[in-house]
Amino acid sequence: MSRIHLSPPDMSATERELLLAAFDANWVAPAGPDLAAFENEFCSAIGVDHAVALSSGTAALHLALMLVGVGVGDRVLVPTFTFAATANAVTYVGAEPVFVDSERSTWNIDPALVSESLDRAAAVGNPFKAVVTVDLYGQCADHQPILDACRRHRIPLIEDAAEAIGATWQGRPAGTFGDISVFSFNGNKAMTTGGGGMLVSSDPDLVDRARHLSTQAREPAVHYEHREVGYNYRLSNLLAAIGRGQLRRPPRMIERRGEIRAAYTTAFADVPDIGFNPIDPRGRSNNWLTVVVLPESEPHLPEKLITALAAADIEARPAWKPMHMQPVFTDREFIGADVASTAFARGVCLPSGSGMSESDVERVIAAALPVLTDG
Ligand SMILES: *Cc1c(COP(=O)(O)O)cnc(C)c1O
């Protein structure tokens with residue numbers, strides 16, 4: 001029996017063919033036709049307007065923050081419940097992340113806290129420079145009240161949709177809520193190129209500027225002319241070819257993740273006091289990861305479950321450790337209470353990859369059930 005990972009790449013013959021076609025045409029370098037094709041096909045498949053393919057989601061976040069004008073000394077509202085990359089990118093431009101707790105119904109950044117924080121900061125003359133939202137575990141944040149607050153204060157919104165490709169909220173696709181939004185194609189995401197990211201916007205000028213900055217801000221001149229500092233953040237053509245293949249498959253891949261969540265919720269339905277990461281009916285999550293939430297009365301159960309699954313060669317991990325609890329960010333401001341920290345203490349991410357077979361899912365359930373029922 002092979003190891004079951006949390007969310008491994010799910011590749012098909014299509015990705016292989018496109019990769020080999022690019023290779024055989026020697027489009028290993030430079031930026032070849034697959035890059036532009038990937039960007040165009042991404043826009044149509046995901047429902048965004050303009051896109052530039054980058055080397056990672058983190059690079060996309062870095063450029064997004066620069067493009068909306070966040071700089072040294074600025075303060076940016078960031079959800080505490082996220083992967084470190086969201087907060088790290090804020091520090092790359094010399095700005096300071098201020099962490100905000102989650103709301104219970106989605107685990108995403110609490111819109112009421114965002115609105116209050118923006119109002120209070122403006123009232124004391126120390127306004128925030130931007131807001132970053134995260135579509136956690138593949139579920140869109142409740143963006144409308146956040147957007148209203150941002151518009152009221154003329155503050156840009158960046159949507160970190162790294163985990164949420166293919167998700168929607170009230171019919172609107174993830175990645176269309178931010179002034180700039182970003183996706184990740186890291187190896188464990190619902191769609192992957194092995195490593196990569198996409199910056200998207202409805203504003204073509206912003207995307208053009210991101211493309212310029214991602215290629216060392218090189219001016220169109222034979223002699224390598226530069227008027228500003230740039231970055232080496234472009235995606236490789238070979239990885240774009242893999243991305244084109246993945247793009248032809250999201251509906252089924254996302255459906256599969258939903259089936260896996262349904263299998264876990266059904267299997268654990270009779271276990272008392274057990275829940276899952278909340279899904280708000282206004283949205284359609286891509287179910288990137290299913291997180292089982294264990295009873296508060298048994299604080300050691302998450303660790304027991306992870307250990308028991310590891311013994312059966314199954315990968316499971318705690319939910320993201322909130323940023324305000326991370327040693328690197330302990331001196332930063334945190335607004336909120338204990339929603340994210342409770343989810344971290346009680347949540348365990350279960351294998352959720354779209355390549356999982358029925359017997360893989362059954363293996364996870366069989367290894368987990370005894371721990372959940374006997375403690
Ligand atoms: C994965 C992830 C990123 C970073 O993407 P990379 O492509 O790995 O750089 C950023 N934010 C969130 C919420 C993520 O899950």
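Each ligand, and each atom within it, is numbered from 1 in the order the structure gives.
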By number and element, which atoms of ligand 1 are closer than 4.0 Å to a non-hydrogen atom of A85?
-> 3 (C), 4 (C), 10 (C)
Does the side chain of L199 come within less than 4.5 Å of I180's, by heavy atoms?
-> yes
Here the atoms of ligand 1 under 4.0 Å from any heavy atom belonging to A162 are 2 (C), 3 (C), 10 (C), 11 (N), 12 (C), 14 (C)
Is it the case that E15 and S12 place a side-chain donor and acceptor less than 3.5 Å from each other?
-> yes
Output the list of atoms in ligand 1 that are nearer than 4.0 Å to some heavy atom of V134, sorted by atom number.
-> 13 (C)
Considering heavy atoms of the protein only, find what lies nearest to atom 15 (O) of ligand 1 and give residue, atom and distance to 0.1 Å.
-> E163 OE2, 2.6 Å
In ligand 1, the atoms that come under 4.0 Å of a heavy atom of N186 are 7 (O), 8 (O)
Closest approach of any protein heavy atom to atom 1 (C) of ligand 1, naming residue and atom | K189 NZ, 1.6 Å
Within the 6.0 Å centroid threshold, strictly below: F81 and W107 = yes
Identify the closest protein heavy atom to atom 9 (O) of ligand 1: which residue and atom is it, and at what distance?
-> T58 OG1, 2.4 Å
Does an N or O from T82, backbone or side chain, lie closer than 3.5 Å to an N or O of ligand 1?
-> no
D160 and ligand 1 - part of the residue with a heavy-atom distance under 4.0 Å | side chain
Please could you name the atoms of ligand 1 that S184 approaches to less than 4.0 Å, counting only its heavy atoms?
-> 1 (C), 5 (O), 6 (P), 7 (O), 8 (O)
Ring center gap for F329 and H324 short of 6.0 angstrom | no
Side-chain donor-acceptor pair under 3.5 Å between N287 and R256, yes or no?
-> no
Within a distance under 4.0 Å of any heavy atom of S56, pick out the atoms of ligand 1 and give their elements.
-> 7 (O), 9 (O)
Presence of salt bridge, R227 and E219, under 4.0 angstrom = yes
F128 vs H153, ring-ring contact (aromatic ring centres under 6.0 Å, His included): CA-CA, chis, key distance, verdict | CA-CA 9 Å; F128 286 96; H153 292 284; 9.5 Å; no
Do any nitrogen or oxygen atoms of W320 lie less than 3.5 angstrom from nitrogen or oxygen atoms of ligand 1?
-> no
Aromatic centroids of F42 and F185 separated by under 6.0 Å = yes
Numbered atoms of ligand 1 (with element) below 4.0 Å of T86, judged on heavy atoms | 11 (N), 13 (C)
For G196, take its heavy atoms, then give the atoms of ligand 1 lying under 4.0 Å from any of them.
-> 7 (O)
Just checking, is any N or O donor in the side chain of D360 or S357 under 3.5 Å from an acceptor N or O on the other one?
-> yes
